[in-house]
Amino acid sequence: MLAALAAASAPAAAQTLPGQPVGDPVPTVDDNDDLETASAGVAGLAGFPGRGLQLNASFLSRYEDNLARRPVKDDGWRLRPSATATYGLGAGRLGFYATGTYGRDIIVANNILPATDRQRLGAGVAAQLSRCNIDAGASYARNLVLTTDIGQFGGIQQRTTQGGALLACRFGSALRLNASATFADIGLARGPGTSAFDSRRWTYTSGLSFTRPALGTLSVDGSLSDMSFTGRFVVTPTGQEEDGLLQRSIRLGWSRQFGSRLTLTLGGSYLDTGPKNDGTLIIIDGIPQVADRSSFSGGGYDAALLFRLTPRLALNARAGRSVRANNFIGAQFSVVDNLQLSTVFKLKDGITMSAGWDQLDSRFRSVATTALERVPRNFDKFDRYFANINARLGRRLRLALDVSHNQRRSDPAVFNFDSTGVGLTIGFELGKK
């Protein structure tokens, strides 16, 4: 979305097709293990890649002293070879593209995690109209789940089907309008024999922004998300109904760049999230249980500061409160406070060094027990300390070395863990835009 909005605000002659990547992503606590799952485009895609064929291959080697993230440590290696092919076809203001990735998570010397395939297939279209940009696409993916809030996953493989479209329009040099609709179907491709984690979600967003050089950018954004947990049921006076979650939010935001050194972004939100049915008797995997069915209505916020001390050295600070739906733990959703501090230093010859600290506090709501988590989880505090070096050797080859320490403290303590790891990634790119 950010890439499409940036394109919508640029002069017509300088516009890129919507969805084309702009700059490098900022690492967050969520992409600790699976950076490639993050994207700037719709439907889990990275956006229009440019015209022609691109081939990318990478090999990740990572050792962690607690690879499975359990209270009792079980170390191991994760070796991940993968290859991606992307082809873009376009003329003038219309572009089509297709992409496919195949890889494998090879697990060595660990007694819990299995080896699994990693796949992603997708296609999209990007178009420029007289005032508007359109980005639309669909994708299908399967991958091992290695994210921060999964408790004792033991080798869950997730499948995700997504589709969506984004419209971004500009009116004059100051006014921008955007709207999107996305669909996601998520579940287990391999894991414990349960359908408790299967879900479908429709999400709709719209926004309006106004920009002036002396003022910065003022924006208002709204979203509505309707989620169904297709493997969970609520007992009502008229019978069983699918469990579900309804999320609504509205945000007022402001951002401004002060010279070439400082960029500030501030936002305030009203968040309203709760079960679609208030019934407290739910059925998971055929077993009834009484579950907490709480909602959340209140304020959220986000703030980001980028300070460029020199052309090569920058400091980043981010903080926020949001509400997140959960797919693979018993809770329906969590209220999350996050904080990130990091620094980036660009050396000569394409070498970049970065280091930082992330913290994620999650308070779980509408908690139930499942085949994965036999006891309800109430609270997580996750901390991550990281440092990495990225280097480009010519136009085709890239190397990355990273070290990180992860720590989670939970209520109950059965979900606590500590893990320290070191990883080396080698990547090769072939093709042109």
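All heavy atoms count here, side chains included; hydrogens, waters and symmetry mates do not.
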Novice: Any ion pair linking R251 and D302 (charged N to carboxylate O, less than 4.0 Å)?
Specialist: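 Salt bridge between D302 and R251, a charged N being under 4.0 Å from a carboxylate O: yes.
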Novice: Is the terminal nitrogen or CZ of R377 (NZ for Lys, CZ for Arg) located under 6.0 angstrom from the six-membered ring centre of F415 and within 45° of that ring's axis?
Specialist: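 Yes, a cation-pi geometry holds between R377 and F415.
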Novice: In plain terms, say whether R248 and D272 are close enough for a salt bridge, that is, a side-chain N and a carboxylate O under 4.0 Å apart.
Specialist: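 Looking at R248 and D272, the cut-off is met.
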Novice: I'd like to know if the side chain of T238 pairs up with that of T236 as donor and acceptor (distance under 3.5 Å, no hydrogens or angles considered).
Specialist: yes
Novice: By the definition salt bridge (charged side-chain N to carboxylate O under 4.0 Å, His left out), identify the one residue from R142, R118, R62 that meets it with D105.
Specialist: R118
Novice: Run through T101, T99, N56 and flag the one making a side-chain hydrogen bond (donor to acceptor under 3.5 Å, both in side chains) with T86.
Specialist: T99
Novice: One pair to check against side-chain hydrogen bond (donor to acceptor under 3.5 Å, both in side chains): S223 and S249. What are the steps and the verdict?
Specialist: CA-CA 5 Å; S223 70; S249 69; 2.7 Å; yes
Novice: Quick one: do K276 and D243 make a salt bridge, cutoff under 4.0 Å?
Specialist: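 So K276 does not pair with D243 through a salt bridge.
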Novice: Could E429 and R392 be called an ion pair, given the rule that one side-chain N must be under 4.0 Å from one carboxylate O?
Specialist: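 Yes, E429 and R392 are salt-bridged.
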Novice: Considering only NZ, NE, NH1 and NH2 on the basic side and carboxylate oxygens on the acidic side, decide whether D185 and R159 come within less than 4.0 Å.
Specialist: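 Salt bridge: yes.
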Novice: With the threshold set at 4.0 Å, does a side-chain nitrogen-carboxylate oxygen contact exist between R321 and D361?
Specialist: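 No salt bridge links R321 with D361.
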Novice: Relative to each other, are the rings of W254 and F258 parallel, tilted or perpendicular (30° and 60° limits)?
Specialist: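 Perpendicular, since the angle between the ring planes exceeds 60°.
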Novice: Could you tell me whether the side chain of R261 and the main chain of L309 form a donor-acceptor pair under 3.5 Å?
Specialist: yes
Novice: Hey, can you tell me if F183 and W202 have their rings parallel, tilted or perpendicular (30° and 60° cut-offs)?
Specialist: tilted
Novice: With a 3.5 Å distance limit and no angle check, can you tell me whether R312 reaches the backbone of K346 through a side-chain donor-acceptor pair?
Specialist: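 Yes.
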Novice: Look at the side chain of Q54 and the backbone N and O of L430, then say whether any donor-acceptor pair between them is shorter than 3.5 Å.
Specialist: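 It does not hold such a pair.
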